[in-house]
Amino acid sequence: QLQLVESGGGLVQPGGSLRLSCAASGFTLDSYAIGWFRQAPGKEREGVSCISVSDGSTYYADSVKGRFTISKDNAKNTVYLQMNRLKPEDTAVYYCAADVPRLLFRLCILQPSADFGSWGQGTQVTVSS
């Protein structure tokens, strides 16, 4: 059974850093793409960053370019999101999702609220002084 578990969220001051992890089980990431999404209260889900595990191609939302970095560790079957220079507007529940690259990148870039892909349970990130 495909399962994704996020970890690494927490409370951080503006300008600080966090690293989120998305650990996969029940499947290997090799043929998939993994995306990080976030949803703040009262707002729609947003695609933050996605990576194709097979070829390493990536996508970043404009709001996080230059601050966030997505990476993968095939041996650990895990994808990471390094978040630097965090801002209060980054506060949200962060989710990871998996699907075949064609669909996952569509989810990430065009239809972040679509109902497909396999999802983790989410981890809260709060940026506040």
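Below, all heavy atoms of this structure are taken into account, side chains as well, without hydrogens, waters or symmetry copies.
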For residues [X] and [Y]: do they belong to one hydrophobic cluster (side chain heavy atoms under 4.5 Å, members Ile, Leu, Val, Met, Phe, Trp, Tyr)?
| X | Y | value |
| --- | --- | --- |
| Tyr32 | Val79 | yes |
| Leu104 | Val100 | yes |
| Phe68 | Val93 | no |

Inset, instruction - Measure the shortest side-chain to side-chain distance between Val53 and Ile34 over non-hydrogen atoms and say whether it is less than 4.5 angstrom. - result: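 Yes, their side chains come closer than 4.5 Å.
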Legend entry - Heavy-atom side-chain proximity of Asp73 to Tyr80 below 4.5 angstrom: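 Yes; the side chains approach each other to less than 4.5 Å.
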What residues form a side-chain contact (heavy atoms from CB on, under 4.5 Å) with [X], not counting sequence neighbours?
| X | answer |
| --- | --- |
| Thr58 | Ile51, Tyr60, Ile70 |
| Ser54 | Ser52 |
| Lys43 | Ala40 |
| Ala61 | Glu46, Tyr59, Ser63, Val64 |

Inset, instruction - Please list all pairs passing the disulfide (SG to SG under 2.5 Å) test where one or both residues lie in residues 27-56, with sequence neighbours left out. - result: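 Only Cys50-Cys108 qualify under disulfide (SG to SG under 2.5 Å).
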Inset, instruction - Taking Asn77 for its side chain and Leu29 for its backbone only, find out whether a donor-acceptor pair lies under 3.5 Å. - result: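 Flag set: sc Asn77 to bb Leu29 pair under 3.5 Å.
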Inset, instruction - Give a yes or no answer on whether the side chain of Arg45 reaches the backbone of Gln39 with a donor-acceptor pair at less than 3.5 Å. - result: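 Not a single qualifying donor-acceptor pair exists.
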Solution key, residues 15-26 side-chain donor-acceptor pairs under 3.5 Å, sequence neighbours excluded:
{"from": "Ser17", "atom 1": "OG", "to": "Asn84", "atom 2": "OD1", "distance (Å)": "2.9"}

Legend entry - Pairs meeting criterion salt bridge (charged side-chain N to carboxylate O under 4.0 Å, His left out) with involvement of residues 101-122, two or more places apart: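 Sorted pair list comes back empty.
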Legend entry - Pairs meeting criterion salt bridge (charged side-chain N to carboxylate O under 4.0 Å, His left out) with involvement of residues 88-101, two or more places apart: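 Listed once each, the pairs are Arg38-Asp90, Arg67-Asp90.
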Legend entry - Asp30 versus Thr28, side-chain donor and acceptor atoms under 3.5 Å: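 Thr28 vs Asp30: no donor-acceptor pair found between side chains.
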Quiz: residues 118-129 side-chain donor-acceptor pairs under 3.5 angstrom, not counting sequence neighbours:
{"from": "Trp119", "atom 1": "NE1", "to": "Phe116", "atom 2": "O", "distance (Å)": "3.1"}
{"from": "Gln121", "atom 1": "NE2", "to": "Glu6", "atom 2": "O", "distance (Å)": "3.3"}
{"from": "Thr123", "atom 1": "OG1", "to": "Gly9", "atom 2": "N", "distance (Å)": "3.2"}
{"from": "Gln124", "atom 1": "NE2", "to": "Ala92", "atom 2": "O", "distance (Å)": "3.4"}
{"from": "Gln124", "atom 1": "NE2", "to": "Thr126", "atom 2": "OG1", "distance (Å)": "3.3"}

Inset, instruction - State which residues pass side chain to side chain donor-acceptor pair (under 3.5 Å) with Thr69; sequence neighbours excluded, sorted by chain then number. - result: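 By the side chain to side chain donor-acceptor pair (under 3.5 Å) rule, Thr69 matches no residue at all.
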Legend entry - Considering all heavy atoms, the nearest Lys72-Gly56 contact: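 Taking every non-hydrogen atom into account, CE-CA, 4.2 Å.
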Legend entry - Pairs meeting criterion ring-ring contact (aromatic ring centres under 6.0 Å, His included) with involvement of residues 81-105, two or more places apart: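 Sorted pair list comes back empty.
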